[in-house]
Structures are given as structure tokens and as C-alpha cells.
Amino acid sequence: MSYLSPLDAAFLRMESVRTPMHVGSLMTFQLPEDAPPDFLHRLLDEMRKRPFMPEPFGSRLKEGRLARIAPSWEPAKVDMDYHLRHSALPYPGGERELGILVSRLHSHPLDFSRPLWECHVIEGLAPRPGQKGGRFAMYFKAHHCAIDGMGAIRMMQKWLSTDPESSKVAGPWVLAAKPPEPSRKRKQTLMDRLRAPAKAAADQARGFRELVKGLRTMTAGADSGARMAMSTPRSLFNQKISQQRRLGTQILELPRLKAVADAVDVTINDVLLAVVGGAARRYLLELKALPEKSLLASVPVGLQRPDGKPGNAAAGFVAPLGTELADPVERLKWIKRVTERSKRELQALPPAALNQLALLGISPMLLGQMAGVLPRLPPIFNFVVSNVVLAKKALFLMGAELEAMYPVSFLFDGYAINITLVGYNDKVAIGVLGCREAVPSLQRLAVYMSDSLAELEAATVVGRRGRSRPARGPGPARQPGP
């Protein structure tokens with residue numbers, strides 16, 4: 001039996017009918033050139049034979065009177081015919097049909113009497129224009145109490161192969177599942193058992209002191225993200241949500257993002273936040289719903305779990321998206337100023353303080369959602385924007401090349417969209433998850449990401465010969481139009 005960490009348990013307690021707390025990913029694959037007609041049947045057979053999901057996905061939540069107070073995992077029989085499913089898209093099998101299916105699948109909660117994951121292999125995906133050969137897709141979902149974004153990325157990195165000739169489908173954890181050898185360590189004494197919790201308590205006390213000092217620094221100055229969060233503007237994205245979801249997707253080319261970053265001397269993450277800010281500005285202007293103050297994004301930062309176990313380990317900061325600024329360069333530079341400071345402050349905190357900061361950050365969401373009042377409380381940000389890197393080179397599954405991995409995250413009540421970005425093989429895949437009723441025409445917001453990048457390029461990047469031209473000067477803070 002293994003107990004959930006406080007942060008993992010928080011995501012479990014936030015589960016409700018309208019806010020299922022599972023996360024997912026949509027992956028599209030190109031079939032090998034010599035793929036037989038029954039390729040997907042063979043793939044599914046291999047996936048059924050040997051585990052391809054690591055712990056805790058061979059366990060379920062333990063039931064009982066203490067489950068609400070101290071939730072824990074217990075071993076369970078995994079019914080692969082239930083967890084691994086084979087679906088097919090209706091004609092013409094395009095991106096629209098795929099998006100509709102995944103939106104529907106992601107709207108349904110997981111069965112809490114079973115291990116908390118599902119995998120759907122989806123055939124009938126049409127080739128892209130000019131592309132030869134077939135394609136298929138795969139959609140995973142798993143509960144956020146069992147895995148976070150970085151954990152999912154690490155799982156995929158181990159499961160997929162860099163070798164196009166590899167026929168392996170089982171994950172490396174299969175070999176690691178052998179019975180442990182008898183321990184040769186000396187038996188713990190009573191003093192040993194008392195010393196460990198005492199040391200943990202001392203670490204937590206030191207972490208709390210460091211966190212208090214850090215918070216004093218974090219909340220000072222006009223470029224303090226923590227200070228901005230205290231006066232977050234309410235927006236179209238901050239309202240009560242339903243259970244039904246929509247997924248919008250977009251692909252951006254990494255070299256284009258790098259060119260903008262180099263031209264302005266910022267990070268690629270800063271450019272991505274500016275791209276999101278430009279897209280959100282245009283989307284809200286069209287709906288006549290743009291707040292006067294900048295929208296704010298909650299930006300998670302992955303942490304290492306000291307015990308090495310799966311689950312959640314992330315702190316984060318709040319950053320402006322510059323939606324009140326018409327000039328894209330001015331927007332990007334303002335984002336850089338705040339994110340640089342926020343990252344520096346996080347790096348100064350010890351691990352215990354960072355974990356306490358993560359719990360502090362999620363506490364208002366947890367308490368507000370459990371009490372059913374979260375949509376009525378003042379927002380502390382407008383939506384989450386997270387960014388992770390999968391791999392810099394192509395990955396394969398039984399010879400099928402992964403084209404893209406679109407993240408499909410989760411929503412809090414009162415926070416109607418979530419934007420997640422995954423870098424892979426010179427591209428960045430964007431997944432925009434939104435409430436079906438609260439956010440109209442969600443795919444437009446995803447499409448505007450590409451337009452926002454083009455706007456940044458026009459303002460910063462070089463011409464065809466590669467020479468930088470000066471960025472245009474700051475325009476009016478709020479001017480009509482995108």
C-alpha cells in the first residue's frame with residue numbers, strides 16, 4: 001500500500017462531475033511504409049500481452065473509512081480489454097472528426113473502482129495533403145492524482161523508441177517489475193525510526209521559514225507576478241463550467257520561435273507566452289470581451305520528487321500575457337521581465353519551500369472547488385499555460401513514427417480553458433482545452449496562435465537574407481483591432 005502525497009491527494013479531492021481531474025494526450029502516428037493491413041491489430045495484441053503503463057497504473061484507490069483522509073493505492077487486477085480500446089473514425093477521418101472524438105472521450109470521468117487510466121487506439125485517420133501511407137492516433141487519459149505533465153513526458157520518453165526498426169512495445173518498467181532481492185541492510189532500530197520523521201519535520205520547518213522570506217521578496221515591485229495575481233481581471237475564461245469539453249490544436253515550427261527569441265534576446269518560453277497573449281487578445285477583441293488589464297497565466301514549473309515516486313511535483317508563478325498591449329514586441333519584453341524575475345526567485349528556494357509553495361498555490365482552488373464557490377471567488381489567474389519538451393528527434397512505436405503529441409489537460413471550475421504546449425522534433429504542438437458551453441469557437445483561439453507568431457516575426461525577425469531589422473516602437477497601450 002502506498003499513500004498519495006498531499007499534492008496528489010489535493011487533485012483527487014478536487015474531482016467532481018463538472019471537473020473531472022484527469023489529464024490526457026492525443027498522439028498521431030504515420031504508419032511504416034511496409035505496414036501490413038493488420039498492423040493495428042498486431043500493435044494492440046502486443047500492448048495487451050505486456051504492461052506498457054508504469055506504477056501506479058497497476059493499482060487502484062483503496063476504499064474504506066480512511067480513504068478520504070489518507071488516500072492510498074492498492075494492487076489491482078488490470079482488465080486490459082477494458083483499459084485498452086480500439087476505435088475508428090467516421091469518413092473522411094480528418095482532424096475535425098478526430099477532435100470531436102477526443103473531446104467526447106475526454107469529457108467522461110474515469111472509473112474510480114479500477115486503475116485510473118484508459119488508452120484508445122484510433123484507426124481511420126486520413127493522410128495529410130501530399131502524404132503517402134496511412135495514419136492512426138492514440139489517446140491516453142489518466143488521473144492527475146497519479147501523474148503530472150513531466151511524469152507523463154518521462155513515461156512517453158521511455159515507452160517510445162528512437163529506433164524505427166524497434167518492435168518493442170512494452171515499457172522498460174516491465175523488466176523492473178521483478179521481485180526485489182532480499183535486502184542486506186541492517187535492521188532499523190527504534191532510534192532510526194524516530195530520527196527520520198524528526199529530520200523531515202526539521203526540513204519542513206526550515207522550508208517554511210525560507211518560504212515566508214521568499215514571499216516577502218516575491219510580492220514587492222511592479223513586476224511581481226504574485227502581486228499582479230491579487231488583482232487579476234475577471235474574463236470570459238473565468239466562469240462556471242460544464243462537464244463537456246472541446247479541444248483545439250495547432251502546430252508551430254520551433255525554428256521560427258527560436259528566430260524571434262534570438263532577435264529579442266528572450267527565451268523560447270517567453271516567446272510562447274507572447275504568442276498565447278497575442279492570440280488571446282485577438283480572440284477577446286473579436287468577442288468585445290477584452291479586459292483593460294492584462295490577462296495572467298499560471299505557469300507551472302516541474303520539480304524533482306525527492307522520493308522518486310510517480311505523482312505530482314510542481315511549483316509555479318503567475319505571469320502577464322500582455323493582452324492590454326497592441327505592440328507584440330512590447331508585450332514580449334514585458335513578459336520576459338516578469339518571468340526572469342519569477343524564475344530567479346523560485347530557484348532561490350529550497351525543495352521543502354518549493355513543495356510548500358505548490359500546496360499554497362493550489363489551496364484556494366482546492367477549498368473553493370470543494371465548497372462549490374470557486375467560480376464566485378476573485379480569480380488568481382485567468383488560465384494555465386504549461387510547456388514541456390518530449391524529444392528533439394523523431395520517436396517511433398513499433399516502427400510507426402510519432403508525428404505530434406497534443407496535450408489534453410484539465411479544468412478548474414471558474415477557469416474555462418487550459419493551454420499546454422509540447423516541444424517535439426522541431427515543432428511545438430499546442431492543445432487548448434476548453435469548456436464547450438463557456439468558450440465559443442475554441443478552435444479559433446488555437447488558429448490565432450499561428451497568426452500571433454507571424455505578427456511577432458513581422459515585428460522582430462530578419463528578412464530573407466538573415467539580417468535583423470529594428471523592432472517597431474511601442475504603440476498605444478490599447479488600440480482597436482487584433
Side-chain angles (χ1 to χ4, degrees), residues 4-5 7-12 14-15 19-27 53-57 102 106 110 116-119 138-160 171 245 247-250 252 267-269 272-273 276 297-305 308-319 339 342-343 346 354-355 357-359 361-362 365 381 383-392 395 402 404-412 415 417-425 427-434:
L4 277 67
S5 74
L7 190 55
D8 297 343
F11 283 112
L12 177 62
M14 292 178 77
E15 177 86 11
T19 57
M21 288 283 112
H22 55 257
V23 293
S25 68
L26 167 63
M27 295 180 284
M53 295 286 281
E55 282 302 319
F57 298 112
V102 172
H106 201 70
L110 290 159
L116 295 179
W117 67 276
E118 292 175 11
C119 176
M138 194 175 288
Y139 163 71
F140 280 107
K141 70 175 175 182
H143 203 277
H144 206 355
C145 74
I147 200 165
D148 62 5
M150 285 306 301
I153 289 295
R154 285 191 290 269
M155 184 181 79
M156 293 299 173
Q157 289 168 339
K158 292 179 180 179
W159 184 49
L160 301 176
R245 305 287 182 258
L247 175 66
T249 60
Q250 184 62 279
L252 302 178
T267 67
I268 291 175
N269 287 344
L272 288 169
L273 285 174
V276 171
S298 172
V299 184
V301 177
L303 306 173
Q304 292 293 327
R305 281 190 56 152
K309 293 180 180 179
N312 291 274
F317 57 87
V318 171
T339 58
S342 299
K343 291 173 188 175
L346 286 180
L354 285 170
N355 289 326
L357 179 64
L359 284 171
I362 202 172
M365 323 293 291
F381 54 85
F383 51 85
V384 175
V385 179
S386 54
N387 179 25
V388 291
V389 176
L390 176 60
K392 294 181 180 179
L395 298 174
L402 176 67
M405 176 179 170
Y406 300 97
V408 193
S409 195
F410 67 100
L411 302 179
F412 299 109
Y415 296 81
I417 67 166
N418 184 303
I419 300 176
T420 312
L421 309 100
V422 172
Y424 165 65
N425 198 19
K427 291 183 175 60
V428 174
I430 303 174
V432 184
L433 183 71

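In this text the structure is predicted, and so the values were computed from the model without any measurement.
- Using a 4.5 Å heavy-atom cutoff, the side chains of Val301 and Lys343 are not in contact.
- Under the 4.5 Å side-chain criterion, counting only non-hydrogen atoms from C-beta, Pro56 is not in contact with His143.
- Taking all atoms of both residues into account, the shortest heavy-atom contact from Leu110 to Ala142 is CD1-C, 3.9 Å.
- Annotation for Val385 and Ala297: closest pair CG2-CB, 3.8 Å, computed over non-hydrogen atoms.
- Residues passing the ring pair (Phe, Tyr, Trp, His ring centres under 6.0 Å) test with Tyr415 are Phe381, sequence neighbours excluded.
- Going from atom SG of Cys145 over to atom CD of Glu15 covers 8.5 Å, rounded to the nearest 0.5 Å.
- Between atom CD1 of residue Ile419 and atom CG of residue Leu273 there is a gap of 9.5 Å, rounded to the nearest 0.5 Å.
- Of all non-hydrogen atoms in Ser342 and Val318, the two that sit nearest each other are OG-O, 4.4 Å.
- Between Lys141 and Val408, the closest side-chain pair of non-hydrogen atoms is not below 4.5 Å.
- Side-chain atoms of His106 and Leu247, non-hydrogen and from C-beta on, never get closer than 4.5 Å to each other.
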Which is it for Ser25 and Met156 under the side-chain contact (heavy atoms from CB on, under 4.5 Å) test, yes or no, and what are the steps along the way? CA-CA 10 Å; Ser25 68; Met156 293 299 173; 4.0 Å; yes

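- Remark: Tyr424 engages no residue in a side-chain hydrogen bond (donor to acceptor under 3.5 Å, both in side chains) (not counting sequence neighbours).
- Applying the side chain to side chain contact (heavy atoms under 4.5 Å, CB included) rule to Lys427 yields the partners Ile251; only residues at least two apart in sequence or on another chain are considered.
- For Thr19, the side chain to side chain contact (heavy atoms under 4.5 Å, CB included) test picks out Ser16, Met21, Ile241, Gln369, Asp413, with sequence neighbours left out.
- Residues Val384 and Ser409 form no side-chain contact, since every pair of their non-hydrogen atoms from C-beta on lies 4.5 Å or further apart.
- Residues meeting the side-chain hydrogen bond (donor to acceptor under 3.5 Å, both in side chains) test with Asn269, sequence neighbours left out: Asn387.
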Can you check side-chain hydrogen bond (donor to acceptor under 3.5 Å, both in side chains) on His22 and Glu118, steps first, answer last? CA-CA 10 Å; His22 55 257; Glu118 292 175 11; over 6 Å; no

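- The two residues Pro407 and Ala429 make their nearest non-hydrogen contact at CD-O, 4.1 Å.
- Between Phe410 and Met14 the shortest side-chain heavy-atom distance does not fall below 4.5 Å.
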Applying side-chain contact (heavy atoms from CB on, under 4.5 Å), run through Ile153 and Val389 and close with a yes or a no. CA-CA 8 Å; Ile153 289 295; Val389 176; over 6 Å; no

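- For the side-chain hydrogen bond (donor to acceptor under 3.5 Å, both in side chains) test, no residue two or more places apart in sequence or in another chain qualifies with Thr249.
- When all heavy atoms of Leu390 and Gln157 are compared, the closest pair comes out as O-NE2, 2.7 Å.
- Remark: Leu12 CG to His144 NE2 distance equals 12.0 Å, nearest 0.5 Å.
- You'll find the side chain of Ile268 reaches within 4.5 Å of the side chain of Leu272, heavy atoms only.
- Qualifying side-chain hydrogen bond (donor to acceptor under 3.5 Å, both in side chains) partners for Gln250, counting only residues two or more places apart in sequence or in other chains: none.
- Contact between Val299 and Ala319 at its shortest, heavy atoms only, is CG2-CB, 4.3 Å.
- Residues satisfying the side chain to side chain contact (heavy atoms under 4.5 Å, CB included) criterion with Pro54, sequence neighbours excluded, are Phe57, Met155, Trp173.
- Between Tyr406 and Val102, the closest side-chain pair of non-hydrogen atoms is not below 4.5 Å.
- The structure places CG of Asn425 at 14.0 Å from CE of Met405, a figure rounded to the nearest 0.5 Å.
- Looking at residues two or more places apart in sequence or on another chain, you find a side chain to side chain contact (heavy atoms under 4.5 Å, CB included) between Ala152 and Ile147.
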